[in-house]
Amino acid sequence: MRITESCAACLYDKQAHITQDSAYLSEIRNIIDSRNENDTSPYLVYLFNKVYEKHFGQKPPYREIKKKYNDLVLSMEESLRTRIEASEDPFITAFMFARIGNYIDFGAMNQVDEETFLHLFDEAALREEDTAVMLSFVKQCRDAQRFLLIADNCGEIVLDKLFLEQMNRKFPQIKMSVLVRGGEALNDATREDTEYVGIHKAAEVIDNGLPVGGTIYDMLPEYAKEAVDQADVILAKGQGNYESLSGQGRHIFYSFLCKCELFTSRFHVPKLTGIFVEE
């Protein structure tokens, strides 16, 4: 997904919010201004992090934030599972709840508010546009042997686990896999996080080998490329995965909340609208 000028300005402003060090910001500006047309926001942020480490050392870890939101959603797990099971369509409800989890994003959001997050569960619904995509998704899963969930954030992965439980019930023939980050990238989920929340019990976990807040195919290790190439159905969660994977000719379903102007304008929806699209 091409970086617009407004997106480039936002990327720079986020770095300027971290520090006003002129030498650092000069390098950031150079990266932005010399970007290729196919570069994506997750890739540029990956480059920013390398510059940050050169100037200041390792960034403060998100370990405590990740644990906080994993623990928050784990504390809700049983009540949410009960709501899912009691709903008219547990599969659809689990999908909507998993999409709500995409709110917990410390990259796109200036502030993650717990009250807003909890309130989203009371408003969960599929848009009319989502329904046609869901019909296609279900149809393809019926004939699939391999399903790949490309995960995004901590906290969100607890809800992904509940969705995978419903996937396993509805499509027992499918081998389920989850692709996570291969290193620390904001509050994105890693293999360690999947083990903490127990999603590894519902699906095979694969990491992408990289501390990148997206999925950049050309940078993936061979085993991760194989997981992408061999999957019959792929569901990629979050804006970062959409930015880094869309427009490359792959058949992928995307699920996320629109959390910034780039996405609200692209899909012509209000902020925090849930999107489900098939490319």
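Side-chain contact between Met96 and Leu126 is present, with heavy atoms from C-beta onward closer than 4.5 Å. Put simply, the side chain of Thr273 does not reach to within 4.5 Å of the side chain of Thr264, judged on heavy atoms. Between Asp232 and Gln140, every side-chain heavy-atom pair lies at or beyond the 4.5 Å cut-off. Two residues are said to be in side-chain contact when any heavy atoms from C-beta on lie closer than 4.5 Å; Tyr103 and Asn153 fail this criterion. Between Asp152 and Phe256 the shortest side-chain heavy-atom distance does not fall below 4.5 Å. Within the 4.5 Å cutoff, the side chain of Leu44 has heavy atoms near those of the Asp39 side chain. Annotation: side chain of Ser177 is not in contact with side chain of Arg146 (no heavy-atom distance under 4.5 Å). Counting only heavy atoms from C-beta outward, the side chains of Tyr69 and Tyr62 never approach each other to under 4.5 Å.
What you find for Asp160 and Ala98 is that their closest heavy atoms are OD1-CB, 3.7 Å. When every heavy atom of Asn70 is checked against every heavy atom of Gly155, the shortest pair comes out as OD1-N, 2.7 Å. Closest non-hydrogen pair, Pro42 versus Gly240, comes out as CG-O, 3.5 Å. Looking at every heavy atom in both residues, Leu164 comes nearest to Ala203 through CD1-CB, 4.0 Å.
Within the 3.5 Å criterion, the main-chain N or O of Ala144 finds a donor-acceptor partner in the side chain of Gln173. Remark: side-chain polar atoms of Ser136 are not paired, donor with acceptor, to backbone N or O of Val133 under 3.5 angstrom.
For Glu115, the CD atom sits in a loose shell: 12 or fewer heavy atoms of surrounding residues, nucleotides or ligands are nearer than 6.0 Å. Counting heavy-atom neighbours within 6.0 Å of His119 NE2, excluding the residue itself, gives a total of 12 or less. Applying the 6.0 Å contact sphere to CD of Glu192 captures no more than 12 heavy atoms from other residues, nucleotides or ligands. Counting heavy atoms of neighbouring residues, nucleotides and ligands inside a 6.0 Å radius, atom CZ of Arg63 does not exceed 12 of them. Heavy atoms from other residues, nucleotides or ligands lying under 6.0 Å from NZ of Lys225 number more than 12.
The line from CG of Leu159 to CZ of Phe97 is 8.5 Å long, rounded to the nearest 0.5 Å. A distance of 8.0 Å separates CG of Asn38 from CD of Gln248, quoted to the nearest 0.5 Å. Asn241 CG to Asp188 CG: the interatomic distance, rounded to the nearest 0.5 Å, is 8.0 Å. Going from atom CE of Met176 over to atom CD of Glu204 covers 12.5 Å, rounded to the nearest 0.5 Å. Distance check: Ser22 OG to Glu27 CD gives 10.5 Å after rounding to the nearest 0.5 Å. Atoms SG and CZ, on Cys258 and Phe267 in that order, are 6.0 Å from each other to the nearest 0.5 Å.
A side chain to side chain donor-acceptor pair (under 3.5 Å) with Lys66 is found for one member of Asn187, Asp71, Asp193 and no other, namely Asp193. When each of Ile252, Asp229, Val228 is checked for a side chain to side chain contact (heavy atoms under 4.5 Å, CB included) with Leu148, only Val228 meets the rule. Of the options Leu245, Ile206, Leu235, a side chain to side chain contact (heavy atoms under 4.5 Å, CB included) to Ile150 is made by Leu245 and by none of the others.
Taking the centre and axis of the six-membered ring of Phe121, the NZ or CZ atom of Arg83 falls outside the cone set by 45° and 6.0 Å.
Salt-bridge annotation for Lys68 and Glu114: present, with a side-chain N of the basic residue lying under 4.0 Å from a carboxylate O of the acidic one.
Under 3.5 Å, the side chains of Glu243 and Thr40 contain no donor-acceptor pair of N or O atoms. Side-chain polar atoms of Tyr217 and Asn208 form no donor-acceptor pair below 3.5 angstrom. Residues Asn49 and Lys59 bring a donor and an acceptor atom of their side chains to less than 3.5 Å of each other. Side chain to side chain, Gln58 and Glu184 fail the donor-acceptor criterion of an N or O pair below 3.5 Å. Using a 3.5 Å distance cut-off with no hydrogens or angles, the side chains of Asp218 and Tyr43 do not pair a donor with an acceptor. For the residue pair Gln15 and Tyr24, a side-chain donor N or O sits within less than 3.5 Å of a side-chain acceptor on the partner. No side-chain donor-acceptor contact under 3.5 Å links Glu78 and Thr82. When only modelled atom types and interatomic distance are considered, Ser246 and Glu279 share no side-chain donor-acceptor pair under 3.5 Å. In the model, Asn102 has a side-chain atom that pairs as donor or acceptor with a side-chain atom of Lys259 under 3.5 Å.
Relative orientation of the Phe95 and Phe276 rings is tilted, given thresholds of 30° and 60° on the angle between their planes. Under the 30°/60° scheme for interplanar angles, the aromatic rings of Phe91 and Phe163 are found to be tilted.
Aromatic pair Phe253/Phe147: centroids not less than 6.0 angstrom apart.
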Subject >> Worked verdict on Cys260 versus Cys10 for side-chain contact (heavy atoms from CB on, under 4.5 Å) >> reply: CA-CA 10 Å; Cys260 67; Cys10 180; over 6 Å; no

Original post:
Going through the checks in order, is the side-chain contact (heavy atoms from CB on, under 4.5 Å) test met by Ile275 and Arg127?
Top reply: CA-CA 8 Å; Ile275 299 294; Arg127 299 184 308 143; 3.4 Å; yes

**OP:** Apply salt bridge (Lys or Arg N to Asp or Glu O under 4.0 Å) to the pair Glu5 and Arg35, showing each step before the final yes or no.
**Re:** CA-CA 12 Å; Glu5 288 306 313; Arg35 68 187 184 276; 3.0 Å; yes

Subject >> Worked check of side-chain hydrogen bond (donor to acceptor under 3.5 Å, both in side chains) between Asp207 and Tyr223 >> reply: CA-CA 9 Å; Asp207 70 71; Tyr223 61 83; 2.9 Å; yes

**OP:** Decide side-chain contact (heavy atoms from CB on, under 4.5 Å) for Arg181 and Thr215; before the verdict, give the C-alpha distance in whole Å, the side-chain angles of both, and the deciding distance to 0.1 Å.
**Re:** CA-CA 8 Å; Arg181 313 306 189 213; Thr215 306; 3.7 Å; yes

**OP:** Start with the C-alpha distance between Arg81 and Glu77, add both sets of side-chain angles, then the distance that settles salt bridge (Lys or Arg N to Asp or Glu O under 4.0 Å), and finish with yes or no.
**Re:** CA-CA 6 Å; Arg81 184 179 283 110; Glu77 181 178 356; 2.7 Å; yes

Subject >> Candidate pair Val138 and Arg142, rule side-chain contact (heavy atoms from CB on, under 4.5 Å), full reasoning >> reply: CA-CA 6 Å; Val138 169; Arg142 287 198 186 107; 3.6 Å; yes

